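Each remark here refers to the structure printed beneath this line.
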Amino acid sequence: MELDFERCYRAVDSRDQRFDGWFYTGVTSTGIYCRPSCPAVTPKRHNVRFFPSAAAAQGAGLRACRRCRPDVSPGSPEWDVRADVVGRAMRLIADGVVDRDGVPGLAARLGYTERHLHRMLRAELGAGPLALARAQRAQTARTLIESTELGLAEIAFAAGFGSVRQFNDTIREVYGVPPSQLRAGRRTALGGSGTITLRLAYRPPLHAPALLEFLALRTLPGIDEVRDGTYRRGLRLPHGTGAVALTPADGHVAATLRLTDLRDLAPAVARCRHLLDLDADPVAVDQTLSADPALAAAVAAEPGVRVPHAVDGFEMAVRAITTQQVSLTSARTTLTHLLTTLYTPALKSVDQEVCVGDGAREDANLLINGAEGVSVGEEGVRVGGFPAAEEVLRVPDEGFRMPAGRREAIRAVARAVVAGELDLEVGGERGEVARRLARVPGVGPWTGGYIAMRALGDPDVFMPTDLAVRRGAAALGLPDSPAALDEYATRWRPWRSYAVVRLWRAA
């Protein structure tokens with residue numbers, strides 16, 4: 001990635017938060033690196049170097065600033081836009097693939113040799129996959145040091161380090177102090193037993209009500225809920241299960257995580273950030289959309305509207321197929337019946353505050369809490385979230401209250417996921433996923449687009465046949481026929497997914 005010195009220095013001089021995560025500022029006179037918005041005195045030009053990643057700054061021998069904490073700045077929005085190998089690699093590294101499977105596992109997921117992958121990442125980010133994963137391990141370790149009472153040796157292995165010595169050396173190198181000193185100066189509030197509380201940064205503005213409203217309309221009993229300004233849901237993670245409560249606040253989203261295995265902290269954080277689209281660049285999005293007079297007033301009234309994504313790609317595929325040609329209320333009723341079938345006998349009532357459709361209340365009262373092998377957290381959501389593809393394949397025909405074609409489409413997708421033929425997570429190659437989905441009977445362009453937008457995080461999906469999109473377009477005085485609307489939408493590239501959310505809100 002090439003960084004223009006003058007543009008970067010102006011961003012640092014103005015302490016522009018929009019550039020946090022885009023690049024990092026190295027100060028050679030102090031030996032530290034910062035985020036562009038660091039409140040410290042702007043360093044002199046001849047003492048400044050710019051780096052495309054925290055790992056590159058660390059590789060140059062710089063340590064993280066303890067004032068602006070560049071290690072917890074928002075991720076680069078470039079990886080949301082880019083669907084190339086480097087973009088996919090960054091999303092997979094954030095999800096902990098290198099810690100679990102090593103660089104060979106990452107290269108295999110991407111379909112490249114280790115040597116070629118290393119060369120591409122070095123060229124773009126100034127650091128190879130091991131260095132990028134090491135930077136993430138350091139951040140995970142710092143979070144555990146400051147937000148838990150775990151022993152430092154336990155934290156070392158939970159964060160993914162191979163030894164306590166490697167952990168100590170890395171923390172000293174990255175933060176300039178030993179782990180014990182980081183604990184002495186902890187800033188993050190401690191949660192209860194097994195609970196981690198931390199802040200998820202984002203680039204302002206963030207229209208939190210739009211996010212919560214969108215998610216509330218689609219909650220499933222026992223899986224997720226919106227209550228008192230907080231979104232709660234269960235999580236299925238690489239090493240175990242968990243649950244999270246996400247509360248938007250001024251300048252950050254407060255996240256309270258309960259994990260059965262602390263090695264899942266980094267993947268859990270990455271998936272929560274993806275869910276709420278926290279690494280987006282809302283200013284760039286809104287500038288493009290507001291250039292269209294039809295959307296200008298909506299953007300001015302509600303700046304920072306994000307695209308709600310997913311923590312589970314297979315879950316999103318099931319939701320998309322179930323929602324085809326039916327209302328949200330009907331789809332939620334159908335999915336609630338599916339969940340009830342999976343977790344019978346489940347005779348205890350879930351929290352009555354869980355949001356469900358009018359037709360789903362009776363089924364919801366039978367759902368999940370008390371089912372064999374299923375646990376429900378204090379939040380009233382199932383620890384572990386939506387059932388895995390293997391579980392859905394065990395559901396008998398009567399568990400699917402939908403046409404046979406839709407039922408078989410869900411099973412076909414589940415079989416492809418189980419067989420490893422379909423990668424619906426953030427590291428999936430968007431073009432390949434689209435081609436494989438198109439071959440599934442019953443999965444049309446709308447379903448494929450919805451999955452690409454919400455599961456894969458593609459920012460440039462447009463669905464001109466969507467009824468709510470067409471209604472929103474008509475409300476704004478835009479053409480509402482699919483062909484004409486699709487042609488009109490080209491002016492919103494590369495942010496057509498955000499335009500879809502705007503049109504849904506207009507409807």
Side-chain angles (χ1 to χ4, degrees), residues 1-82 86-87 90 93-94 121-129 131-143 146 170-177 182 185 187 198-205 251-252 269 273 278-284:
M1 180 190 300
E2 294 186 8
L3 298 173
D4 180 78
F5 186 94
E6 287 301 323
R7 185 184 181 200
C8 291
Y9 192 82
R10 285 197 300 271
V12 171
D13 195 37
S14 63
R15 296 172 177 80
D16 195 333
Q17 291 182 321
R18 292 178 300 167
F19 291 94
D20 286 352
W22 275 105
F23 66 87
Y24 296 84
T25 307
V27 186
T28 57
S29 57
T30 60
I32 65 171
Y33 70 94
C34 305
R35 61 170 80 190
S37 65
C38 183
V41 175
T42 304
K44 295 180 180 179
R45 288 174 176 266
H46 63 270
N47 291 330
V48 171
R49 290 179 61 192
F50 296 112
F51 299 90
S53 67
Q58 293 168 19
L62 303 176
R63 66 182 186 275
C65 174
R66 280 186 266 168
R67 184 172 183 181
C68 70
R69 302 190 66 172
D71 52 320
V72 295
S73 62
S76 172
E78 188 170 13
W79 313 130
D80 290 337
V81 179
R82 289 173 56 167
V86 174
M90 288 302 294
I93 291 171
L121 291 176
R122 286 283 305 177
E124 291 276 351
L125 296 159
L132 292 164
R134 177 177 175 269
Q136 177 168 284
R137 281 195 292 271
Q139 179 186 338
T140 300
R142 180 172 187 163
T143 300
E146 295 183 341
T170 298
I171 295 300
R172 283 180 178 273
E173 183 178 336
V174 174
Y175 298 112
V177 295
L182 281 181
R187 301 181 184 182
L198 62 157
R199 296 182 172 190
L200 306 181
Y202 60 78
R203 291 175 190 81
H252 68 276
V269 169
R273 296 192 65 84
L278 297 185
D279 292 326
D281 184 351
V283 174

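The residues of the chain are indexed from 1 along the displayed sequence. As the structure is a prediction and not an experimental result, all values here were calculated from the model.
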**Prompt:** Hey, what's the ring geometry for Phe23 with Phe19, parallel, tilted or perpendicular (30° and 60° as the breaks)?
**Reply:** tilted
**Message:** When you compare the side chain of Arg273 with that of Pro74, does any pair of heavy atoms fall below 4.5 Å?
**Reply:** yes
**Item:** Gap separating the CG atom of Asp20 from the CG atom of Asp281, nearest 0.5 angstrom
**Value:** 11.0 Å
**Contacts of Cys65 that satisfy side-chain contact (heavy atoms from CB on, under 4.5 Å) - sequence neighbours left out** = Ile32, Cys34, Cys38, Arg67, Cys68, Pro70
**Prompt:** Do Leu198 and Val269 have side-chain heavy atoms sitting under 4.5 Å apart?
**Reply:** yes
**Fill in**
What one should report as the nearest heavy-atom pair of Thr25 and Pro36 is OG1-CA, 4.3 Å
**Message:** Within this structure, what is the CD-CD1 distance for the pair Gln136 and Ile93, rounded to the nearest 0.5 Å?
**Reply:** 8.0 Å
**Asked** What pair of heavy atoms forms the shortest contact from Gly75 to Asp279, and how long is it?
**Response** N-OD1, 2.7 Å
**Item:** Atom pair CG/CZ of Leu132 and Arg122 - distance to nearest 0.5 Å
**Value:** 9.5 Å
**Item:** Side chains of Ser73 and Tyr24 in contact at under 4.5 Å (non-hydrogen atoms)
**Value:** yes
**Request:** For residues Leu125 and Met90, determine if any side-chain heavy atom of one lies less than 4.5 Å from a side-chain heavy atom of the other.
**Result:** yes
**Message:** Could you tell me if the side chain of Arg15 sits less than 4.5 Å from the side chain of Thr42, heavy atoms only?
**Reply:** yes
**Request:** Run the numbers on Arg199 and Arg69 for side-chain contact (heavy atoms from CB on, under 4.5 Å), then give the verdict.
**Result:** CA-CA 12 Å; Arg199 296 182 172 190; Arg69 302 190 66 172; over 6 Å; no
**Item:** Nearest-0.5 Å distance, CZ of residue Arg137 to CD1 of residue Ile171
**Value:** 11.0 Å
**Any donor-acceptor N/O pair, Arg172 side chain to Gly176 backbone, under 3.5 Å** = no
**Request:** Indicate yes or no: at least one non-hydrogen side-chain atom of Val283 is less than 4.5 angstrom from one of Arg203.
**Result:** no
**Prompt:** Between Phe50 and Tyr9, which heavy-atom pair has the shortest distance, and what is it?
**Reply:** CZ-N, 3.6 Å
**Asked** Is there a side-chain contact between Gln58 and Tyr33, using heavy atoms and a 4.5 Å cut-off?
**Response** yes
**Item:** Approximate separation, where rounding is to 0.5 Å, of Leu3 CG and Arg49 CZ
**Value:** 11.0 Å
**Prompt:** Can you name the closest pair of heavy atoms from Arg18 and Asp16 and give their distance?
**Reply:** NH2-OD2, 2.7 Å
**Asked** Of all residues at least two apart in sequence or in a different chain, which pass the ring pair (Phe, Tyr, Trp, His ring centres under 6.0 Å) check with Tyr175?
**Response** none
**Asked** Does Val72 reach the side chain of Arg35, with side-chain heavy atoms less than 4.5 Å apart?
**Response** yes
**Nearest non-hydrogen partners of Pro52 and Ala56, listed with the distance** = CD-CB, 4.2 Å
**Item:** Pairwise distance OG1(Thr30) to CG(Leu62) - rounded to 0.5 angstrom
**Value:** 8.0 Å
